[in-house]
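Structure, as structure tokens:
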Amino acid sequence: MSEHAAQDVIAGIRELLPVLRERAQEAEDARRIPEESVKSLQETGFFKLLQPKTFGGLEADPVSFYTAVKLVASACGSTGWVASILGVHPWHLGLFEAQAQQDVWGDDPDVRISSSYAPMGKADVVDGGYRLSGRWSFSSGCDHATWVLLGGPVFEDGKPVDFCTYLVPIADYTIEDVWDTVGLRGTGSNDIIVNDVFVPEHRALSFIATSKCKTPGQEINPGPLYKLPYGSVHPSTITAPIIGMAQGAYDAHVEYQGKRVRAAYAGEQSKEDPFAKVRIAEAASEIDAAWLQLTHNIDELYQLACRGEKLPFPTRLRVRRDQVRGTERAIFAIDRLFENSGGRALRAGTPIQRFWRDAHAGRVHAANDVERAYVMFGTGAFGLPVENAMV
């Protein structure tokens with residue numbers, strides 16, 4: 001049933017694309033996604049794709065989620081980025097203790113959660129939980145959420161003893177508007193500030209449990225979706241919209257070049273330029289390769305989980321290798337298309353330059369640290385121990 005429901009969501013997303021495309025400049029100018037766009041995404045059921053059935057979600061297969069993300073990002077990079085980030089958090093919350101999920105979704109299953117996982121704050125162990133403080137940057141879409149997931153080390157007697165993700169309600173944090181960037185301008189990725197707030201123990205999830213794929217949420221969410229590694233699901237959530245941006249750039253480029261006349265070459269039509277065709281072919285191949293690897297790898301993990309089989313560590317390393325490589329391929333494709341677009345593509349408001357800026361902004365996310373992911377894969381290939389939670 002969830003498979004049919006997921007396809008209905010994807011169909012709804014396809015119908016929404018022209019509107020999202022029209023609002024792309026509005027999002028960029030406002031430095032946040034229009035409320036109407038978030039509402040429209042919600043109405044398609046998009047935010048329910050990875051939400052547990054226990055709390056009214058679809059608990060769909062992850063490839064359906066990434067497919068929807070790619071589509072949204074092909075219309076507007078910022079909207080696709082925010083949709084992907086906000087859309088994966090129901091999956092992450094599904095790993096927390098049942099009470100934490102009840103705290104968020106008990107009265108309203110449509111509640112949205114933003115995040116900032118980097119260890120920019122810290123928590124001290126106290127009776128019944130933690131005292132959390134800090135400033136976290138890059139919380140994409142935080143203006144459209146009422147809870148936040150924050151990463152940070154745990155200290156006990158002044159010594160770090162663990163690393164956790166903390167679930168915090170909007171009453172316990174403030175948002176500071178600092179987002180003013182050259183790319184992904186519409187994501188509203190502002191700062192989250194927490195000042196000595198109590199976080200009950202059930203609203204903290206250890207990264208040790210997450211990396212072992214043995215989390216308390218599996219007691220009420222035993223489905224295969226919640227047995228997948230965080231280090232596979234979340235990094236792919238970063239690459240999927242970047243591939244979508246590359247696809248959007250490709251579509252916009254081909255449409256533009258089909259009508260373009262190159263005055264510098266005696267009125268030659270761009271669609272007759274053999275070199276333009278070569279670059280289009282290169283870009284298309286890179287986009288396809290990035291997408292095929294990402295979806296093949298995630299689906300392989302998911303099918304293993306569906307059969308109740310162990311998720312091989314070499315496969316998890318391959319997922320990360322191809323995830324960062326997928327981002328590289330998408331960036332290469334956009335660069336080739338941008339180089340071939342001519343001076344008019346530089347004008348503010350044109351899709352190709354916006355996709356170019358958005359994709360390069362997404363490229364600098366920590367999940368796209370290419371060398372570290374490749375070193376992890378190479379280390380595993382030699383049979384050496386890999387010590388990294390993001391696998």
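For this chain, numbers begin at 1 and follow the sequence in order. Heavy atoms only: backbone and side chains are in, while hydrogens, waters and symmetry mates are out.
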Decide yes or no on side-chain contact (heavy atoms from CB on, under 4.5 Å) for L337 and Y250, but give the supporting numbers first. CA-CA 7 Å; L337 296 171; Y250 176 86; 3.9 Å; yes

Does D177 form a salt bridge (charged side-chain N to carboxylate O under 4.0 Å, His left out) with R31? I'd like the steps, not just the answer. CA-CA 10 Å; D177 185 351; R31 296 182 297 113; 2.8 Å; yes

Could you walk me through whether T239 and T327 satisfy the side chain to side chain donor-acceptor pair (under 3.5 Å) test, starting with their C-alpha distance in whole Å, then the side-chain angles of each, then the deciding distance to 0.1 Å, before giving a yes or no? CA-CA 6 Å; T239 294; T327 295; 2.8 Å; yes

Side chain to side chain donor-acceptor pair (under 3.5 Å) between Q257 and N340: does it pass, once the steps are laid out? CA-CA 9 Å; Q257 294 298 331; N340 197 49; 4.9 Å; no

Step-by-step side chain to side chain donor-acceptor pair (under 3.5 Å) determination, S37 to R23: CA-CA 8 Å; S37 295; R23 290 178 183 155; 3.0 Å; yes

Carefully, step by step, assess V72 and L20 under the rule side-chain contact (heavy atoms from CB on, under 4.5 Å). CA-CA 8 Å; V72 175; L20 297 179; 3.9 Å; yes

Determine whether H360 and D335 satisfy the following criterion, side chain to side chain donor-acceptor pair (under 3.5 Å), listing intermediate values before the conclusion. CA-CA 10 Å; H360 277 272; D335 284 350; 2.8 Å; yes

So T379 and V375, side-chain contact (heavy atoms from CB on, under 4.5 Å) or not? Walk me through it. CA-CA 6 Å; T379 300; V375 167; 3.9 Å; yes

C142 and I175: side-chain contact (heavy atoms from CB on, under 4.5 Å), yes or no, with the steps? CA-CA 8 Å; C142 58; I175 299 172; 3.7 Å; yes

Are R131 and D124 close enough, and set up right, to give a salt bridge (charged side-chain N to carboxylate O under 4.0 Å, His left out), and what steps lead you there? CA-CA 5 Å; R131 301 298 304 188; D124 292 303; over 6 Å; no

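Judged purely by atom type and a 3.5 angstrom limit, H89 uses its side chain to pair as donor or acceptor with the backbone of I85. Listed for the R321 side chain is no donor-acceptor partner under 3.5 Å among the backbone atoms of F377. Using modelled atom types, one side-chain atom of S78 and one backbone atom of G186 make a donor-acceptor pair closer than 3.5 Å. With hydrogens and angles ignored, the 3.5 Å screen pairs no side-chain donor or acceptor of S232 with any backbone N or O of L228. Here the side chain of R354 pairs a donor or acceptor atom with the backbone of G349 at under 3.5 angstrom. The main-chain N or O of V154 is never found under 3.5 Å from a side-chain atom of D162 such that the two would form a donor-acceptor pair. At least one donor-acceptor pair under 3.5 Å links the side chain of N190 to the backbone N or O of W179. No side-chain donor-acceptor contact under 3.5 Å links Q247 to the backbone of I287.
In terms of hydrophobic clustering, with Ile, Leu, Val, Met, Phe, Trp and Tyr side chains grouped at heavy-atom distances under 4.5 Å, L17 and V69 are assigned to a common cluster. The same ILVMFWY cluster, assembled from side-chain heavy atoms under 4.5 Å apart, contains both I170 and W136. In the hydrophobic cluster analysis, where Ile, Leu, Val, Met, Phe, Trp and Tyr join through side-chain heavy atoms closer than 4.5 angstrom, L304 is grouped together with L225.
Donor-acceptor pairing under 3.5 Å is recorded for the side chains of S139 and S114. D288 and S285 share no side-chain donor-acceptor pair at under 3.5 Å. Side-chain contact annotation: N368 with Q323, donor-acceptor N/O pair under 3.5 Å present. Neither side chain, Q293 nor R318, offers a donor N or O lying under 3.5 Å from an acceptor on the other.
Taking the charged nitrogens against the carboxylate oxygens, K277 and E282 have no contact shorter than 4.0 Å, which rules out a salt bridge. Salt-bridge check for E36 with K39: failed, with every basic side-chain N at 4.0 Å or more from each acidic carboxylate O. Ion pairing between D103 and R203 holds under the 4.0 Å rule for side-chain N and carboxylate O.
For D108, the CG atom sits in a packed shell: over 12 heavy atoms of surrounding residues, nucleotides or ligands are nearer than 6.0 Å. More than 12 heavy-atom neighbours from other residues, nucleotides or ligands sit within 6.0 angstrom of CD on E309. More than 12 heavy-atom neighbours from other residues, nucleotides or ligands sit within 6.0 angstrom of OH on Y302. With a 6.0 Å radius and a threshold of 12 heavy atoms from other residues, nucleotides or ligands, D107 has its CG atom at or below the threshold. The number of heavy-atom neighbours closer than 6.0 Å to CG of D180, taken from other residues, nucleotides and ligands shown, is above 12.
Side chains of Q42 and D110 form a contact here, defined as non-hydrogen atoms less than 4.5 Å apart.
Ring centroids of F355 and H253 are separated by 6.0 Å or more, keeping the two rings apart. Residues Y130 and Y166 place their aromatic rings such that the two centres sit under 6.0 Å apart. Checked against a 6.0 Å centroid threshold, the rings of Y117 and Y230 count as neighbours.
Cluster partners of V364 are absent, since no Ile, Leu, Val, Met, Phe, Trp or Tyr has side-chain heavy atoms less than 4.5 Å from it.
Across T79 and C76, no two heavy atoms sit closer than the pair OG1-SG, 3.1 Å. Nearest heavy atom pair, residue A359 against residue I331, reads O-CD1, 3.4 Å. Scanning both residues, A367 and V324, for their nearest heavy atoms gives O-CG1, 3.5 Å.
Considering only residues two or more places apart in sequence or on other chains, E328 meets the side chain to side chain donor-acceptor pair (under 3.5 Å) condition with R325, Y374. Under the rule for a side chain to side chain donor-acceptor pair (under 3.5 Å), the partners of E286 that lie at least two apart in sequence or sit in another chain are R329.
Paired with D358 under the rule side chain to side chain contact (heavy atoms under 4.5 Å, CB included), one option of Q353, R363, M245 passes, and it is M245.
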